[in-house]
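This report refers to the structure that appears directly beneath it.
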Amino acid sequence: MGKLIEVTVPDIGDFRNVPVIEVLVKPGDAVKPEDPLVTLESDKATMDVPAPNGGVVRELRIKVGDRVSMGTPVLVLESDAAAPATARIPGAPAPASPVAPAPVQAPATPPPAVSPSAPYAGPKAGLHAEVLVLGAGPGGYTAAFRAADLGKKVVLVERYPTLGGVCLNVGCIPSKALLHIARVVTEAGEIAHAGVEFGRPKIDIDKLRAWKAGVVGKLTKGLSGLAKQRKVEVVTGKGRFASPHALRVEGAQGAREITFDSCIIAAGSSVARIPGFPYDDPRIVDSTGALELSGLPRRLLVVGGGIIGLEMATVYDALGARITVVELLDSLIPGADPDMVRPLARRLEKRYEKILLETKVAKIEPREDGLRATFEGANAPAPETYDRILMAVGRRPNGKELDAQAAGVNVDERGFIPVDRQLRTNVPHIHAIGDIRGEPMLAHKASHEGKIAAEAIAGHKAFFDARTIPSVAYTDPELAWMGETEAQLKARGADYEKAVFPWAASGRALAMGRDEGMTKLLFEKGTRRLLGAAIVGVNAGELIAETVLALEMGAEAGDLGLTVHPHPTLSETIFFAAEIAEGSITDLYLPRKA
């Protein structure tokens with residue numbers, strides 16, 4: 001028997017608690033000197049821990065997800081040759097060096113790719129795909145197009161006749177088109193204070209509906225063209241798994257079976273419902289029904305004070321409806337910090353009939369003159385009658401609608417499909433992305449994941465490593481946030497600092513007549529490394545991207561405060577907030593800290 005050597009993590013510079021993202025060997029594997037054993041990730045750089053010399057792996061001491069530092073045991077190696085107790089990463093300083101080691105940089109050459117998914121060797125249907133993508137929303141079509149660009153034969157299955165999923169057809173895009181109209185109407189009505197008055201807007205609902213459909217149509221046709229250019233075969237119908245390598249698709253022309261080597265599940269989510277309400281009444285609508293613009297109600301009750309409900313309320317308010325919003329929790333837009341919601345809430349309170357917090361709808365009674373809603377809660381009003389009720393209480397994943405058990409794929413009790421950092425399910429050749437794989441249910445997260453899943457299938461060393469996913473409410477004013485919220489920092493006992501810049505001190509905001517906003521940055525105390533950000537105000541959804549990049553790059557307050565921003569712009573509010581953190585702001589007077 002050879003000598004047993006405990007291989008430990010070598011000198012990796014100043015990094016501590018670095019995550020293990022891949023274990024490349026298992027007990028019994030023979031390795032040669034410098035063969036990679038595990039892959040670590042520090043910030044945005046990855047590095048392999050190599051074998052100190054040849055031998056046989058006898059025992060693993062770490063697994064994927066563990067966090068390690070210099071000296072952490074990696075594995076036990078049986079070797080006939082003498083070897084040091086630690087390996088050494090090429091390019092890292094020698095242990096005997098008296099000079100403090102420098103942080104390890106990303107290797108000059110890319111790390112070796114993982115093996116691509118093996119082809120399916122069983123019986124194949126008339127249509128066989130190297131990569132089958134189930135669902136053609138932002139995540140699905142992105143995954144399909146990326147896989148095709150990487151040389152794969154791709155089949156894209158979609159239940160609806162056009163590509164784009166909920167987001168493009170009945171979600172993100174049509175709602176933003178209508179929100180643009182709402183903003184124009186609202187701004188025209190509010191500019192009178194500056195001496196410019198317009199007449200009451202005349203709304204042609206049929207023409208507005210056609211314009212919205214035209215916006216959607218341009219994008220769906222564009223997606224169809226991109227699919228044809230990439231030779232992605234699109235199959236229309238509802239897909240359910242028949243086995244680990246086969247999908248049964250029910251369409252207008254009947255049923256067919258498609259086999260595949262690998263699959264990406266991008267089946268999205270559906271509108272959640274509160275049991276017991278008379279949903280068969282056409283005056284009760286969800287977000288899809290609200291976007292159809294089938295007439296304008298005089299009074300609209302919005303059940304749910306989250307992003308979807310408030311965006312639709314913004315549209316209908318601008319078009320002339322009287323709005324009441326009811327929310328079960330104690331704040332609108334749960335998940336965002338209450339101080340950032342407050343400017344939005346103050347504006348809505350002036351425009352809407354009522355905002356009912358900590359209140360629920362207990363009963364809805366259909367009547368000839370409308371829908372009578374009964375409320376419960378400490379501040380619940382008497383029953384009221386509305387022309388229409390919008391149900392906007394969230395979405396649920398579609399994991400339980402796919403017969404996933406036929407493929408052996410685990411689905412949790414809520415309908416989510418658990419995945420690893422390469423978006424693989426418990427069945428290695430099947431991946432899941434987007435809403436169906438977990439919160440946050442956002443299109444831009446799904447698109448990002450779609451590329452990663454396609455690249456992982458192609459054998460690329462691609463992992464989901466986004467430090468944050470930004471959220472945006474396209475209300476008026478908009479509300480956007482990213483990273484950790486102040487509530488989350490408090491909950492974990494973090495030592496943090498915050499800097500808040502009021503838009504009342506912004507020249508651009510004042511010139512626009514929209515000075516109700518503010519920008520908040522959250523920093524780690526001491527290092528002043530950015531931990532989170534939130535912006536409420538006009539175009540907050542555009543402005544938040546700068547802070548996302550800053551967090552991804554590990555920026556500190558000084559990095560933002562020393563970056564010259566154009567003047568006068570709303571983007572300066574991020575710069576000013578960073579200057580507040582640094583104590584160098586001149587656009588406000590802040591008493592000197594003791």
Rounded distance [0.5 Å steps], [atom1] in [X] versus [atom2] in [Y]:
X: D559; Y: R529; atom1: CG; atom2: CZ; value: 12.0 Å
X: L179; Y: C172; atom1: CG; atom2: SG; value: 11.5 Å
X: Y279; Y: I274; atom1: OH; atom2: CD1; value: 5.5 Å
X: E413; Y: K400; atom1: CD; atom2: NZ; value: 7.0 Å
X: L489; Y: E484; atom1: CG; atom2: CD; value: 4.5 Å
X: H245; Y: I430; atom1: NE2; atom2: CD1; value: 7.5 Å

Mind listing the closest non-hydrogen atom pair of [X] and [Y] along with its distance?
X: R61; Y: P73; answer: CB-O, 3.6 Å
X: I62; Y: T72; answer: CG2-CG2, 4.4 Å
X: V234; Y: L163; answer: CG1-CD2, 3.9 Å
X: L402; Y: G239; answer: CD2-O, 4.2 Å
X: R248; Y: A255; answer: NH2-CB, 3.3 Å
X: I436; Y: P397; answer: CA-CB, 4.1 Å

Looking at [X], I want to see if its [atom1] is surrounded by more than 12 non-hydrogen atoms of other residues, nucleotides or ligands under 6.0 Å.
X: E59; atom1: CD; result: yes
X: K176; atom1: NZ; result: yes
X: R492; atom1: CZ; result: yes
X: Y160; atom1: OH; result: no

Are the side chains of [Y] and [X] in contact, using a 4.5 Å heavy-atom criterion?
X: I258; Y: F260; answer: no
X: L150; Y: I457; answer: no
X: Y141; Y: E158; answer: no
X: T425; Y: N410; answer: no
X: E478; Y: L543; answer: no
X: L24; Y: L37; answer: no
X: R230; Y: D149; answer: yes
X: T39; Y: K461; answer: yes

Does [X] use its side chain to pair, donor to acceptor, with the backbone of [Y] at less than 3.5 Å?
X: Q422; Y: A462; value: yes
X: R395; Y: S269; value: yes
X: R396; Y: R414; value: no
X: K212; Y: L291; value: yes
X: T468; Y: P470; value: no
X: E311; Y: Y474; value: yes
X: T236; Y: P161; value: no
X: S79; Y: G54; value: yes
X: D403; Y: R240; value: no
X: R146; Y: E455; value: no

Apply side-chain contact (heavy atoms from CB on, under 4.5 Å) to E449 and list each qualifying residue two or more places apart in sequence or on a separate chain.
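Partners of E449 under the side-chain contact (heavy atoms from CB on, under 4.5 Å) test: L423, I433, R437, K445, F464.
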Do the side chains of R421 and D465 get close enough for a salt bridge, i.e. N-O under 4.0 angstrom?
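D465 and R421: not salt-bridged.
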For the pair E233 and K153, find out whether any cationic side-chain nitrogen is under 4.0 Å from an anionic carboxylate oxygen.
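No, E233 and K153 are not salt-bridged.
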side-chain contact (heavy atoms from CB on, under 4.5 Å) evaluation trace for T162 with V216
CA-CA 10 Å; T162 56; V216 172; over 6 Å; no
Just say parallel, tilted or perpendicular for the rings of Y120 and H128, cut-offs at 30° and 60°.
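Rings of Y120 and H128: parallel, under 30°.
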Between E78 and L4, is the side-chain contact (heavy atoms from CB on, under 4.5 Å) condition met? List the steps.
CA-CA 4 Å; E78 181 183 337; L4 294 178; 3.8 Å; yes
Could you walk me through whether T142 and K451 pass side-chain contact (heavy atoms from CB on, under 4.5 Å), step by step?
CA-CA 6 Å; T142 299; K451 288 185 178 180; 3.6 Å; yes
Please assess I574 against I535 for the test side-chain contact (heavy atoms from CB on, under 4.5 Å), listing each intermediate value before the final yes or no.
CA-CA 9 Å; I574 296 170; I535 304 172; 4.1 Å; yes
